[in-house]
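Working notes, beginning with the structure itself.
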Amino acid sequence: MTEGPMRTPAAVRDVTYHLHPSTNLRQLESEGPLVISRGEGIYVFDEQGNRYLEGMAGLWCASLGFSERRLAEAAYRQLLELPFYHSFAGKVPGIATELAEKLVSMAPPGLARVIFANSGSEANDTAIKLVWYYNNALGRPNKKKIVGRHKGYHGMTVATGSVTGLTYVQNDFDLPRGPFVHTGCPHHYRFGRAGESEEAFAARLAGELEELIVREGPDTIAAFFAEPVMGAGGVIVPPSTYFERIQALLRRYDVLFVVDEVICGFGRSGAMFGSQKFGLEPDILTCAKALTAGYVPMSATLVSRAIYEVLLGQSDKLGIFGHGYTYSAHPVPAAVALETLRIYQERDIVGHVQRVGPRLQAGLRRLSDHPLVGDSRGIGLIGALELVRDKGTRASFDPKAGVGAHFVKRAQHHGAILRNMAGDVIAFSPPLIITEPEIDALLECASRALDDTLAMVREPGLIV
Ligand SMILES: Cc1ncc(COP(=O)(O)O)c(C=O)c1O
């Protein structure tokens, strides 16, 4: 196993030509990327043949692992049959109709129509545009502000980067700040006050949201965006009663609820959608990633019947519903998505997550005993360890110490790929097909990486 630097010929060639997304470019130039060349089950292999248990399913997406032949065959069949067609101006690839029907039948009640795109960012971007179009149609030109949450992640396009509540997505990109506002993050361990119960914390956050709505003016607030479990912000599971209180406010002030299921959708939380797990009633739901098991790009934005009726009326008025992409409802990812959804149902993927998820969660909770672990959390097959300098005060390490990054390198050395998020939070989101022995192996790598990291932080003079 290797933990980098990886200055292999392929890595050197890559850094000569490739501008990597979401990466420290200087560090990449000096260390080179880990070049992954193939996958099998929940494992990926680098060009030297070293094997890694992919504890993040790539970017929370490879739900069926890295070698599901049925998906490759579905793509190949579709490429032979109809490799491209579009859905503009009265045409449609037939397979897209099947997928739309299937998605609506699986989605939380009330969602009636679906429009497709290629990525989670585009699905959320579409949701933002639909919210604005909807309020224009209703003659509410001022009701346009979108509320995101600190540490929420909804993508990196111009608009979704603005809804995202993580500054590294925004710094120096000059994203428009105008119609985007943010409210508090429901991270009880980090932002709850001493002795504050989850319920009291949730009530305080709801109060904060209400204050924001009233301060900005309810007639200016159009929609609230939330992930059921926050992913990139640090795997934050909502505190008890949080969403009940938030939803009551959204109804009171006539604010649309956009539920971003890009990570939670299709079983990750132990329900088909995070909305079902947490009792959410979305007006708009977005999904991507596990929609195609990550094999080909595709995303979807589902809207309620009431919203659809308004879009319909506005299209009458303007002569067109002027939104969509060349690859909206592309037949190849549509075929892969349909096959993916069939596999989820045939193999009862939700039941599987319910059966094996507790093994991951129990293992993570056990790691709370480690001197470096301040908090361990999660649900289903998503989880995190938050590394802290002082368990008593919950003080974090100085980000410059690179503690989380060191952990990830050591985990890689021991054969598992995990991800370090801001604040030394180590995320776990393995393929949904993972078995209990494989979960144990993943936890063992994490445990060894924790010990290695503890040795690092105990080196004299490092930690201040
Ligand atoms: C919750 C959530 N929403 C949206 C996105 C953006 O998706 P994409 O990277 O496909 O644009 C992500 C990506 O990780 C995500 O986690």
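Pro33 is listed as a side-chain neighbour of Leu28, based on a closest heavy-atom distance under 4.5 Å. Proximity of Pro108 to Glu281: side-chain heavy atoms (C-beta onward) are nowhere separated by under 4.5 Å. Side-chain contact between His370 and Asp451 is present, with heavy atoms from C-beta onward closer than 4.5 Å. Gln78 has its side chain out of reach of Glu339: every pair of non-hydrogen atoms, C-beta onward, lies at least 4.5 Å apart. Inter-residue side-chain proximity for Val158 and Phe173 is flagged as unmet; no heavy-atom pair is nearer than 4.5 Å. Contact annotation: the side chain of Leu291 never approaches that of Val336 to less than 4.5 Å [non-hydrogen atoms, C-beta and beyond]. Side-chain contact check for Leu249 versus Val255: every heavy-atom pair is 4.5 Å or farther apart. The side-chain heavy atoms of Phe224 and Leu209, taken from C-beta on, include a pair separated by under 4.5 Å.
Residues that satisfy the side-chain hydrogen bond (donor to acceptor under 3.5 Å, both in side chains) test with Asp440, not counting sequence neighbours, are Arg359. Residues passing the side-chain hydrogen bond (donor to acceptor under 3.5 Å, both in side chains) test with Arg394, sequence neighbours excluded: none. Partners of Glu244 under the side-chain hydrogen bond (donor to acceptor under 3.5 Å, both in side chains) rule, at least two apart in sequence or in another chain, do not exist in this structure. When the salt bridge (charged side-chain N to carboxylate O under 4.0 Å, His left out) test is applied to Glu444, no partner is found at least two apart in sequence or on another chain. Checked against side-chain hydrogen bond (donor to acceptor under 3.5 Å, both in side chains), Arg347 has the following partners two or more places apart in sequence or in another chain: Glu68.
Aromatic ring centres of Phe225 and Phe257 lie farther apart than the 6.0 Å criterion allows.
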Worksheet item: Given Cys185 and Arg149, is the side-chain contact (heavy atoms from CB on, under 4.5 Å) satisfied, shown in steps?
Response: CA-CA 6 Å; Cys185 168; Arg149 300 181 297 172; 5.6 Å; no

Worksheet entry | Lys151 vs Leu166, side-chain contact (heavy atoms from CB on, under 4.5 Å): CA-CA, chis, key distance, verdict | CA-CA 5 Å; Lys151 289 182 177 281; Leu166 294 162; 4.2 Å; yes

Worksheet item: Can you list the steps and then say if Arg51 with Glu40 is a side-chain contact (heavy atoms from CB on, under 4.5 Å)?
Response: CA-CA 9 Å; Arg51 189 180 84 155; Glu40 198 179 307; over 6 Å; no

Discussion item. Could you walk me through whether Cys264 and Phe278 satisfy the side-chain contact (heavy atoms from CB on, under 4.5 Å) test, starting with their C-alpha distance in whole Å, then the side-chain angles of each, then the deciding distance to 0.1 Å, before giving a yes or no?
Written reply: CA-CA 11 Å; Cys264 289; Phe278 298 106; 5.7 Å; no

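In summary, the side chains of Arg268 and Ser429 do present a donor paired with an acceptor at a separation below 3.5 Å, with no hydrogens or angles considered. No side-chain N or O of Asp452 forms a donor-acceptor pair with one of His406 less than 3.5 Å apart. No side-chain N or O of Tyr295 forms a donor-acceptor pair with one of Thr340 less than 3.5 Å apart. No hydrogens or angles considered: a donor-acceptor pair under 3.5 Å links the side chains of His20 and Asp14.
When atom types are taken as modelled, the side chain of Glu122 and the backbone of Ser299 share no donor-acceptor pair closer than 3.5 angstrom. Using modelled atom types, one side-chain atom of Glu208 and one backbone atom of Gly184 make a donor-acceptor pair closer than 3.5 Å. Between the Ser63 side chain and the Leu432 main chain, no donor and acceptor come within less than 3.5 Å of each other. Glu54 places no side-chain N or O within 3.5 Å of a backbone atom of Pro431 that could act as its donor or acceptor partner. A donor-acceptor distance shorter than 3.5 angstrom exists from the side chain of Gln361 to the backbone of Ile382, with no hydrogens or angles considered. A side-chain donor-acceptor contact under 3.5 Å links His182 to the backbone of Val163. No donor-acceptor distance shorter than 3.5 angstrom exists from the side chain of Ser121 to the backbone of Gly155, with no hydrogens or angles considered. At least one donor-acceptor pair under 3.5 Å links the side chain of Asp424 to the backbone N or O of Gly404. Not one N or O on the side chain of Glu29 forms a donor-acceptor pair closer than 3.5 Å with the backbone of Val15.
In this structure, Leu99 and Met298 approach most closely via the heavy-atom pair CD2-SD, 3.7 Å. Between Ala202 and Ser240, the closest heavy-atom pair is CB-O, 3.5 Å. Scanning all heavy atoms of the two residues, the minimum distance from Ala446 to Phe407 falls at O-CE1, 3.4 Å. Taking each heavy atom of Gly39 and Ser67 in turn, the nearest pair found is O-CB, 3.9 Å. Annotation for Ala11 and Gly32: closest pair CB-CA, 4.4 Å, computed over non-hydrogen atoms. Heavy-atom minimum distance, Val262 versus Gly120: CG2-CA, 3.9 Å.
Leu103 CG to Glu98 CD: the interatomic distance, rounded to the nearest 0.5 Å, is 12.0 Å. Atoms CG and CG, from Leu450 and Leu372 in turn, are 6.0 Å apart once rounded to the nearest 0.5 Å. Taking CG of Leu442 as the reference point, atom CG of Leu360 lies at 7.0 Å (rounded to 0.5 Å). Atom CG in Leu341 sits 5.5 Å away from atom CZ in Phe266 (nearest 0.5 Å). Note that CG of Leu385 and CG of Leu443 are 8.5 Å apart. Values are rounded to the nearest 0.5 Å. Between Leu302 atom CG and Asp283 atom CG the span is 12.5 Å, to the nearest 0.5 Å.
For Tyr325, the OH atom is densely surrounded, since the number of other residues' heavy atoms within 6.0 Å is greater than 12. More than 12 heavy atoms of other shown residues, nucleotides or ligands fall within 6.0 angstrom of atom CZ in Arg177. The environment of Arg13 atom CZ is sparse: at most 12 non-hydrogen atoms of other residues, nucleotides or ligands sit within 6.0 angstrom. Within a 6.0 Å sphere centred on CD of Gln345, heavy atoms belonging to other residues, nucleotides or ligands number more than 12. Asp369 CG: more than 12 foreign heavy atoms inside a 6.0 Å radius.
In this structure, His187 and Phe191 have perpendicular ring planes: the angle between them is above 60°, well past the 30° mark.
Tested against Asn124, the residues Thr286, Thr160, Thr157, Thr164 include a single side-chain hydrogen bond (donor to acceptor under 3.5 Å, both in side chains) partner, Thr286.
Counting only residues at least two apart or in different chains, salt bridge (charged side-chain N to carboxylate O under 4.0 Å, His left out) contacts with residues 181-203 comprise Arg190-Glu386, Glu196-Arg204.
A salt bridge is absent between Glu73 and Arg70: the closest approach of a Lys/Arg side-chain nitrogen to an acidic carboxylate oxygen does not fall below 4.0 angstrom.
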